[in-house]
Protein chains: 2
Amino acid sequence: MSVIPIRDRKAERRAGTRSEILAAAWEIAREDGLAEVSLRAIGARVGMRAQSLYSYFDSKHAIYDAMFGEGNEELLARMEAADAAGGTPEQAFRRGTHVFVDFAVEDPTRSQMLFVRTLPGFVPSAEAYAPAVRTLDLTTAGLERLGVTDPALVDIWTALLSGLIQQQFANDPGGDRWTRHVDEVIDMFLAHAKRRKSR
Amino acid sequence: MSVIPIRDRKAERRAGTRSEILAAAWEIAREDGLAEVSLRAIGARVGMRAQSLYSYFDSKHAIYDAMFGEGNEELLARMEAADAAGGTPEQAFRRGTHVFVDFAVEDPTRSQMLFVRTLPGFVPSAEAYAPAVRTLDLTTAGLERLGVTDPALVDIWTALLSGLIQQQFANDPGGDRWTRHVDEVIDMFLAHAKRRKSR
DNA sequence: GTCTATATGTGGATAGAC
DNA sequence: GTCTATCCACATATAGAC
């Protein structure tokens, strides 16, 4: 007859090692690029043989998937916090936009994983993707509160934002040549939406 | 004493084979993805062993570089043709924009190579990059004729365009959910530039 | 849970015969 | 110029001992 322990030390240890493995994977990705993340490299960093990682993850893609999910959850958490901070709809929208851009710019590797998705053969699972859907919902809800409901305008808005971020990464990594125009781009977009409505 | 031939048949043959190799590489890239382009795969397609390709290109990167150069030259040729077609500055600008967007959308693989640049370790040579610089010059010249000279606006414009194209590829490949808004985005941008100038 | 050993596959590149 | 043979490095993944 087994005694049920207050804490499941074994499970805790396991979860801890899983976190370590993911942290190592992020380190490698940031230092050497996403393509350089290999089981060997991860193993070397956590002090294990590559093969032993299979005790924690079913495959390399499972590691990618966990990274993808982690990143999206972090973004969602920040977007929800920004959303809950109050103010006028426009203030909230501007704040949310800045939170998003800051998140994207602060970790190019993470952005590449979440937004560009260049990993050959990797398709995120539905669970890992779920927070991304919620984040987009927050954005469309924010636009709706500003009276922007036309799907065409929502698409244009996502294009504006992703364009700024993409150009920033591609042509001025680490700088702010494009992202410093966020507020001007918001102005431009809102003026357009307003003008369009009054027609 | 050697006779100088009218035509250099040997050089012509060599150039022909080089073209064949590049064509095969493009085919593989379009069918299976840019990452699947390997010397073995190219060799199989042109009826050679992979090793024999070294008689035509110094390395795999040299093949990438030639592809990159080809793509940029094709784009530049189209942009120059659009530029030479006359009309008002605004007509020319709109036409050039459509030519660019069409070019980007018609071959996602080529766009990935030219604009996203996800190939690990590949850095284009200065020669291969030169036409890209000229293309950008054409764009800024077109904006200048419209009275748009502020570098900030030029950057915003490039972000708008790349954002539309990126979203198109990422979320509606093969469709036109984003690119159909090109003219509206041009309107929005030009209105913003005008309003900004009148301040 | 971690190891050694191994299977199996990919890739780029070089040497030398013909 | 093309071939065979070979090297080398790297990858994911499995089997089985401890």
Side-chain angles (χ1 to χ4, degrees), chain A residues 5 7-25 27-29 31-68 113 118-125, chain B residues 5 8-29 31-68 113 118-125:
Chain A
R7 283 167 48 196
D8 187 342
R9 307 188 76 93
K10 198 170 155 192
E12 281 175 17
R13 231 174 93 108
R14 200 186 143 79
T17 306
R18 271 181 67 104
S19 296
E20 256 188 82
I21 290 169
L22 290 179
E27 276 176 35
I28 296 161
E31 290 171 22
D32 306 324
L34 217 39
E36 296 302 307
V37 175
S38 69
L39 297 182
R40 282 170 153 78
I42 298 172
R45 221 169 262 246
V46 298
M48 263 186 211
R49 302 268 107 168
Q51 302 93 310
S52 304
L53 298 171
Y54 284 91
S55 298
Y56 298 96
F57 292 94
D58 285 342
S59 68
K60 190 189 176 180
H61 275 29
I63 297 179
Y64 282 154
D65 204 55
M67 294 168 80
F68 185 86
M113 162 142 249
T118 61
L119 290 169
F122 169 61
V123 182
S125 65
Chain B
D8 188 341
R9 305 187 77 92
K10 197 170 154 192
E12 280 174 19
R13 232 173 90 108
R14 201 185 141 78
T17 305
R18 271 182 66 106
S19 297
E20 257 188 81
I21 290 169
L22 290 179
W26 279 118
E27 277 177 34
I28 296 162
E31 289 170 23
D32 307 321
L34 219 38
E36 296 303 307
V37 175
S38 69
L39 297 182
R40 282 169 160 82
I42 298 172
R45 222 169 259 248
V46 297
M48 263 186 213
R49 303 267 104 168
Q51 303 92 311
S52 304
L53 299 172
Y54 284 91
S55 297
Y56 298 96
F57 291 94
D58 286 342
S59 69
K60 191 189 177 180
H61 275 30
I63 296 179
Y64 282 153
D65 203 55
M67 294 169 80
F68 185 86
M113 162 141 248
T118 60
L119 290 169
F122 169 60
V123 182
S125 65

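Within every chain, numbering begins at 1; the chains are lettered A, B, ... in the order of the sequence lines, protein sequences first and strands thereafter.
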Enquirer: For nucleotides 11-18 of chain D, read 5' to 3', which letter fits each nucleotide if B means a protein heavy atom sits under 4.0 Å from the base, S means only the sugar-phosphate is that close, and - means neither?
Expert: BBBB----

Enquirer: Looking at every heavy atom in both A/M48 and A/T17, which two are closest together, and how far apart are they?
Expert: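 Taking every non-hydrogen atom into account, CE-CG2, 3.8 Å.
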
Enquirer: Between atom CZ in B/F122 and atom C1' in C/dG12, what is the gap in whole Å?
Expert: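 The answer, rounded to whole Å, is 16 Å.
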
Enquirer: Can you sort out the partners of A/S125 under side-chain hydrogen bond (donor to acceptor under 3.5 Å, both in side chains), two or more places apart, ordered by chain and number?
Expert: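 For A/S125 the side-chain hydrogen bond (donor to acceptor under 3.5 Å, both in side chains) partners, ignoring immediate neighbours, are A/D65.
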
Enquirer: Below 4.0 angstrom from OP1 or OP2 of D/dG1, is there any side-chain N or O of B/S52?
Expert: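 Checking B/S52 against D/dG1: no side-chain N or O falls below 4.0 Å of OP1 or OP2.
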
Enquirer: Tell me the interatomic distance from B/I42, atom CD1, to C/dA13, atom P, rounded to whole angstroms.
Expert: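 So the CD1-P distance, B/I42 to C/dA13, works out to 11 Å.
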
Enquirer: Report the residues that fulfil side-chain contact (heavy atoms from CB on, under 4.5 Å) with B/S55, sequence neighbours left out, ordered by chain and then residue number.
Expert: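 In terms of side-chain contact (heavy atoms from CB on, under 4.5 Å), with neighbours along the sequence ignored, B/S55 is linked to no residue.
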
Enquirer: Just jot down the side-chain contact (heavy atoms from CB on, under 4.5 Å) partners of B/A15, sequence neighbours excluded, or say none.
Expert: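 Expected list: none.
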
Enquirer: For A/F57 and C/dT2, what is the distance between atoms CZ and P respectively, to the nearest whole Å?
Expert: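 Atom CZ in A/F57 sits about 13 Å away from atom P in C/dT2.
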
Enquirer: side-chain contact (heavy atoms from CB on, under 4.5 Å) with B/E27: which residues, sequence neighbours excluded?
Expert: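 Expected list: B/E31, B/R45.
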
Enquirer: Minimum heavy-atom separation for A/A66 and A/F57, please, with both atom names.
Expert: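 Between these two residues, the closest heavy atoms are CB-CE2, 4.1 Å.
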
Enquirer: Nearest whole Å is fine: how far is C/dG11 P from B/L53 CG?
Expert: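 In whole Å, C/dG11 P lies 13 Å from B/L53 CG.
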
Enquirer: Closest approach of B/E36 and B/A41, non-hydrogen atoms and distance?
Expert: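 It is O-CB, 4.2 Å.
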
Enquirer: Which atom names give the shortest non-hydrogen contact between A/A24 and A/I42, and what distance separates them?
Expert: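 Minimum heavy-atom contact is CB-CG2, 4.3 Å.
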
Enquirer: For DNA chain C, which residues in residues 10-23 of chain B have a heavy atom at a distance below 4.0 Å?
Expert: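 Heavy-atom contacts with DNA chain C come from no residue of residues 10-23 of chain B; none.
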
